[in-house]
Structure formats: structure tokens, C-alpha cells
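Heads up: the structure comes next, in C-alpha cells.
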Amino acid sequence: MILYNVTVGIDKSVEEEWLNWMKSTHVPDVMATGFFVENKIYKVLSQQEEENPSYSFQYFAKSITDIDEYLQLHAPKLQKEHMLRYQNKHVAFRTLLESV
């Protein structure tokens, strides 16, 4: 199993609306690509009160080939939608992990 993890730091001023949009639109769009078998969402707890919140979006795929195809065929469009909607309100980084 391969985990595609996207960690997003989001501005507090849009957190609630953003999280609702992520759950109702973005994550379902990612899952609808058919390259992932499961997903999970976690809020990062190891932060100071005054910092903007961060969330971990975890997408599980059967193979690295599935991830590669997703990244080539779908990720650019989905990432652009997110970027345009929350421009200057977020930072994101992505990590690939393999179950051992």
C-alpha cells in the first residue's frame, strides 16, 4: 500500500469554509479519479495556539503506478483549483510513503 499524504497549513480566517469545501468537493474529486482505495483526514495537533492550523489528507493507493498516473493525469488540475480558490491562504507539501 502506498500513502500519498498532503499536509496543508490553512489561514485561520478561512479554515471552516475551506475544510467544508475539502470534505464536500476536493476529496471526493480526488477519490473519483479511481486511483485511491481509501482516504483519511487528520488535524495536526502539535502546533502553538497562535499558529495557523494544519491538516493531513491521506490517500491510499495499491501501487506507486497508481500514484504516478494520478500525479500526471489529475493532480495538476485539482491542485490548481485549490490554489486559485485559496490563493495566499495556504501552504501545502506532499509526501509519498510505502507500507513496510
Side-chain angles (χ1 to χ4, degrees):
M1 190 70 64
I2 305 293
L3 168 60
Y4 176 55
N5 183 79
V6 182
T7 302
V8 180
I10 190 71
D11 192 286
K12 287 180 186 179
S13 67
V14 297
E15 179 184 11
E16 186 176 338
E17 186 276 329
W18 168 82
L19 188 56
N20 288 333
W21 180 79
M22 289 294 288
K23 288 179 175 181
S24 67
T25 303
H26 187 77
V27 171
D29 287 350
V30 171
M31 295 303 293
T33 66
F35 289 102
F36 301 102
V37 297
E38 181 183 2
N39 74 283
K40 296 182 183 214
I41 302 170
Y42 292 95
K43 185 172 184 175
V44 177
L45 297 178
S46 60
Q47 296 180 304
Q48 302 295 325
E49 282 289 319
E50 63 275 0
E51 291 181 19
N52 286 322
S54 293
Y55 289 82
S56 170
F57 292 84
Q58 300 180 352
Y59 302 98
F60 297 87
K62 291 180 181 178
S63 70
I64 193 70
T65 303
D66 288 342
I67 300 287
D68 287 341
E69 288 187 42
Y70 166 78
L71 292 173
Q72 289 178 7
L73 300 174
H74 300 284
K77 176 185 179 281
L78 293 168
Q79 290 172 10
K80 184 176 182 179
E81 288 173 359
H82 183 271
M83 184 197 69
L84 291 174
R85 187 175 179 102
Y86 297 100
Q87 199 166 28
N88 302 320
K89 298 284 185 183
H90 79 286
V91 294
F93 66 91
R94 294 155 182 86
T95 310
L96 287 177
L97 300 103
E98 182 177 26
S99 177
V100 292

Item to check | Distance in Å, M22 CE paired with L19 CG, rounded so as to fall on 0.5 Å steps | outcome: 8.0 Å

Item to check | Separation of R85 CZ from W18 CH2 (nearest 0.5 Å) | outcome: 12.0 Å

Checklist entry - Under the side chain to side chain donor-acceptor pair (under 3.5 Å) rule, what pairs show up with a residue in residues 25-40, not counting sequence neighbours? => result none

Item to check | Selection residues 55-64 - residue pairs positive for side chain to side chain donor-acceptor pair (under 3.5 Å), sequence neighbours left out | outcome: N5-S56, E15-Y55, S56-Q58

Next on the checklist: Taking side-chain contact (heavy atoms from CB on, under 4.5 Å) as the definition, give me every residue that meets it alongside S13, ordered by chain and number, with sequence neighbours left out.
Outcome noted: D11, K89

Item to check | By side-chain contact (heavy atoms from CB on, under 4.5 Å) - contacts of L71 (at least two apart) | outcome: Y4, I67, A75

Checklist entry - Under the 4.5 Å side-chain heavy-atom rule for ILVMFWY, direct or indirect, which residues accompany L84? => result M83

Checklist entry - Who else is in F60's hydrophobic cluster (ILVMFWY, side-chain heavy atoms under 4.5 Å, direct or via others)? => result M1, L3, V37, L97

Next on the checklist: According to side-chain hydrogen bond (donor to acceptor under 3.5 Å, both in side chains), who are the partners of Y86, at least two apart in sequence or on a separate chain?
Outcome noted: E17

Item to check | side-chain hydrogen bond (donor to acceptor under 3.5 Å, both in side chains) involving K77 - partner list, sequence neighbours excluded | outcome: E81

Decide whether [X] and [Y] are clustered together by the hydrophobic rule: side chain heavy atoms of Ile, Leu, Val, Met, Phe, Trp, Tyr closer than 4.5 Å, transitively.
{"X": "W21", "Y": "Y42", "result": "no"}
{"X": "V91", "Y": "V14", "result": "no"}
{"X": "L73", "Y": "V30", "result": "yes"}

Would you say the side chain of [Y] lies within less than 4.5 Å of the side chain of [X], judging by non-hydrogen atoms?
{"X": "I64", "Y": "L96", "value": "yes"}
{"X": "P53", "Y": "V44", "value": "no"}
{"X": "I2", "Y": "D66", "value": "no"}

